[in-house]
4 protein chains.
Amino acid sequence: MASQKSSASTTATVVTRAATGAVAPKRERGRSRVAAILEAGAEVFAEKGYGGATMTEIAARSKTAIGSLYRFFPTKEALADALLTRYGDLMTERLAAIEARASGLSPSQLADVLVDFMLDMSADRAIALPLIEVTQEAEEKRAHIRGAIRRGLASILTVLDTGITQAEAEGLAVMLLYLLKAVPQLACNGSEVDEPLIARIRALVSLYLVNELPHAQRLANDAS
Amino acid sequence: MASQKSSASTTATVVTRAATGAVAPKRERGRSRVAAILEAGAEVFAEKGYGGATMTEIAARSKTAIGSLYRFFPTKEALADALLTRYGDLMTERLAAIEARASGLSPSQLADVLVDFMLDMSADRAIALPLIEVTQEAEEKRAHIRGAIRRGLASILTVLDTGITQAEAEGLAVMLLYLLKAVPQLACNGSEVDEPLIARIRALVSLYLVNELPHAQRLANDAS
Amino acid sequence: MASQKSSASTTATVVTRAATGAVAPKRERGRSRVAAILEAGAEVFAEKGYGGATMTEIAARSKTAIGSLYRFFPTKEALADALLTRYGDLMTERLAAIEARASGLSPSQLADVLVDFMLDMSADRAIALPLIEVTQEAEEKRAHIRGAIRRGLASILTVLDTGITQAEAEGLAVMLLYLLKAVPQLACNGSEVDEPLIARIRALVSLYLVNELPHAQRLANDAS
Amino acid sequence: MASQKSSASTTATVVTRAATGAVAPKRERGRSRVAAILEAGAEVFAEKGYGGATMTEIAARSKTAIGSLYRFFPTKEALADALLTRYGDLMTERLAAIEARASGLSPSQLADVLVDFMLDMSADRAIALPLIEVTQEAEEKRAHIRGAIRRGLASILTVLDTGITQAEAEGLAVMLLYLLKAVPQLACNGSEVDEPLIARIRALVSLYLVNELPHAQRLANDAS
DNA sequence: CATGAATGAGATTTCATTCAT
DNA sequence: CATGAATGAAATCTCATTCAT
């Protein structure tokens, strides 16, 4: 049923299952199958929450036999975990990319970059995951991911040459992260992006950065 | 998680309280029973999400017999709905109260008032509810509540005499509401309040209001 | 469905569920329901073994809804465990009864009593249980039950006034127990008892006791 | 534990080896593969019972791909059946060997020989198999094997020149077989042999034979 | 009316068996 | 032929809801 052989799944490679108990597919087909499952899982979890999501629906939506689903993810929790991990990896990776080209940016330029980054991520449906209620162990993983993202954001702030210390940067990052979360939550009502709202968020993020970063005023002027 | 053995019970006819299906208890005992159920329901929904919560646990946590629980809330959805309604009512009511004494406040004073208000509300655990996944109909109710709150916030902004129009105020309110939501989410890690973080949020809300409200600068000076 | 209210279940009272996780039924109906489940469980486990038995079949055979079955025995293992416990209790109890009236018996009379006792027990279908493969924990419980039965048998041997020590008696009991197990296994092919075979077993048990018990010869003569 | 997706495969046609369905491997590699599977099968069936054993585990334990396992034994039942057959063949064969050199033995010598024989067999783990629950058809095969063994034992008893008839011998054999079964069951707690217990069994078997065989006393004296 | 045992639809999970590679 | 991924029927188990007591 359905070929979907090659294609897809550039990101699926990153997924660390390891200790999760999930199985690594050997053949090409398996890899795209896993990608489809993760995709469907993200969707269903996002729509129904962890408790409301059913493995049956995820299987159906990814056109996977229930048995195959369980071959790759031996537990509902394992699937949620994999999704969480994938989300964390994705975020970390992209934040690192941003950091690499952040050095010359003005605060408001950075604000734009970050908001765009979140818009990108919200295309990835996995973003809904952070909302999911789960087991003890998953909560720890989520805390870990949040920490990683916060550190990533903080690193970006320090390379901006605003004289900010790592500690201060991490303090800022908490709020900044929260502001950025607004992007997928507020912007994506239904399917289309609410441009005016996005503009507002850009302004707010920019305002926040300019206001909180030492030397930011100067930098802002330089950049203009 | 699913509907079982539904067959439009004969008792459901007795049901009142809007279209919710929740029964209004006449005796004192009944009222406190309902309060306990709502309390427990808020807790459990917050902890486990809608799908993960079980009527049995809610009954146990509120020391109510499962049969009695179903007397007051003939459906899990009815209970969630009642909780949502209560939350909406509470918010509207308190926002009205704030509006009543808002006229003379400076933007930063208003920021403080609003943040305090959210801290108050987060004591009410029902706040977690807005996050939960539910049926179509519940989504509409949630949208409705969000709208009401937004309008309430907007009203407060207009009485501030900053020359802002209702339409502009509603635009601001969207972001403002989002910022305020940070309070329960970020402030209440575990049981104690993270004061420095609260201070940060106060500053940000204040910054946002001062920056976005016309004449705000002047007002801010006046108030100082 | 089906009344089976009072009646039955004189033995069901003995069943210790406690740590098992099984629930104690409060009403009369529940008690007979539990008895029916244990009955069916013993049958099905005996026929198909632990792995081959299905909760669904046990539910069907005891005319219990699957949900009710799981209310009383939250796990297949819990049911097996309860059955095992019941079996152990029954054996211990009856062995104690035999011990109480054993003092004056000759070895061959004792042999008859013990064989009759096993014939009685084999009416109870639970006897098949000792054959069941199960989890680690269940193996321990089985060892424990075996030990209790062995000690019970040993006690009976010591009250016979044959000058045997407790230690020697326990040694004998191992073989004796094994010999007695032959009764349900060999005697009950299908539904009717194979009398000649029973006679053989009686003879063998008697032979064994007379031969192994010191002073037995004298006692045997006395009794004749 | 149940039959799934059965549909009289086309490959099943190739099957030979009695009605079992097991395929006779032609190459050397195939033969050792089959041996490994039988070995693993005996182990797993013994540990978990028929219902609890999984083809996957048997495959893993014999380091065989699941597909290959199914090439040799097209059904779980076929594997159990083959194991049963092997066990029957082994027993019959060895009993015949014992019969060949039994003619001059005294009853107690025979007892020793038989107990040693069972100790040997218990090294073969397949002995656990007779205990397992299976299909109707397998039960018949088991009855058949039991019969063969009983007749084998009876034959041995008749060559002993004790004047016993074949009919009487078969009667004795039932109990004798049962006594002998004690050897693997009681002797092999864990991995080491419980010597004192073995001695007890030897004594009991000897006692039984001496007592039941006509002329046995004389023979016993002759042999001493 | 309160209670909690009973119910069964449906969710999660397992495993014998098949078949593309 | 060997391999192991894929399949789905059936098993275990959960929980919203009902209803006898």
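Just so it is clear, the structure is predicted and the values come from calculations on it, not from any experiment. Each chain gets a letter, A, B and so on, in the order the sequences are listed, and its residues count up from 1.
- Ranked by how close their nearest DNA chain F nucleotide is to the 5' end, D:Gly67 and B:Gly67 are led by D:Gly67.
- The side-chain heavy atoms of D:Glu47 and D:Val44, taken from C-beta on, include no pair separated by under 4.5 Å.
- Within residues 58-66 of chain B, the residues having any heavy atom under 4.0 Å from DNA chain E are, by residue number, B:Ala65, B:Ile66.
- With the 3.5 Å cutoff on both pairing distances, Watson-Crick and G-U pairs in DNA chain F assemble into runs of at least 3 at E:2-21 with F:2-21.
- One atom, CZ of C:Phe72, and another, P of F:dC13, lie 17 Å apart when rounded to the nearest Å.
- Exactly one residue among C:Leu83, C:Asp81, C:Val34, C:Ile58 makes a side-chain contact (heavy atoms from CB on, under 4.5 Å) with C:Phe73. That residue is C:Val34.
- Counting to the nearest Å, the C1' atom of F:dT17 and the CD atom of B:Glu57 are 18 Å from each other.
- Closest of all the heavy-atom pairs between A:Leu84 and A:Lys141 is CD2-CG, 4.0 Å.
- The existence of a salt bridge linking C:Glu43 and C:Lys48 is excluded, since no basic side-chain nitrogen approaches an acidic carboxylate oxygen closer than 4.0 Å.
- C:Lys63 places no side-chain N or O within 3.5 Å of a backbone atom of C:Arg33 that could act as its donor or acceptor partner.
- The listed nucleotides are E:dT12, F:dT12, E:dC1; the one nearest the side chain of B:Arg71 is E:dC1.
- The phosphate of F:dA10 has neither OP1 nor OP2 within less than 4.0 Å of any side-chain N or O from C:Thr54.
- Residues A:Met55 and D:Ala53 each lie close to DNA chain E; by heavy-atom proximity, the contact nearer the 5' end of the strand is made by A:Met55.
- No hydrogens or angles considered: a donor-acceptor pair under 3.5 Å links the side chains of B:Thr64 and B:Ser62.
- Residue A:Arg33 places at least one side-chain N or O under 4.0 Å from the OP1 or OP2 atom of F:dT7.
- Residue A:Lys76 has its side chain nearest to E:dT13 when only E:dT7, E:dT13, E:dA5 are considered.
- Between the side chain of D:Tyr50 and the backbone N or O of C:Gly51, no donor-acceptor pair lies under 3.5 Å.
- B:Leu69 places its CG atom 12 Å from the P atom of F:dT18, with the value rounded to the nearest Å.
- The shortest distance between side-chain heavy atoms of D:Leu79 and D:Phe45 falls below 4.5 Å.
- Although no hydrogens or angles enter the test, the distance criterion places no donor-acceptor pair under 3.5 Å between the side chain of B:Thr75 and the main chain of B:Ala78.
- Taking atom CG of D:Asp81 as the reference point, atom P of E:dA16 lies 17 Å away to the nearest angstrom.
- Between D:Lys48 atom NZ and E:dT14 atom C1' there is a gap of 13 Å when expressed in whole angstrom units.
- Picking from F:dT7, E:dT13, F:dA2 the nucleotide with the shortest atom distance to the side chain of A:Ser68 gives F:dT7.
- Taking only side-chain atoms of C:Tyr70, from C-beta outward, the nucleotide of E:dT13, F:dT17, F:dT12 with the closest atom is F:dT12.
- The shortest distance between the side-chain N/O atoms of A:Thr56 and the OP1/OP2 oxygens of E:dT12 is below 4.0 Å.
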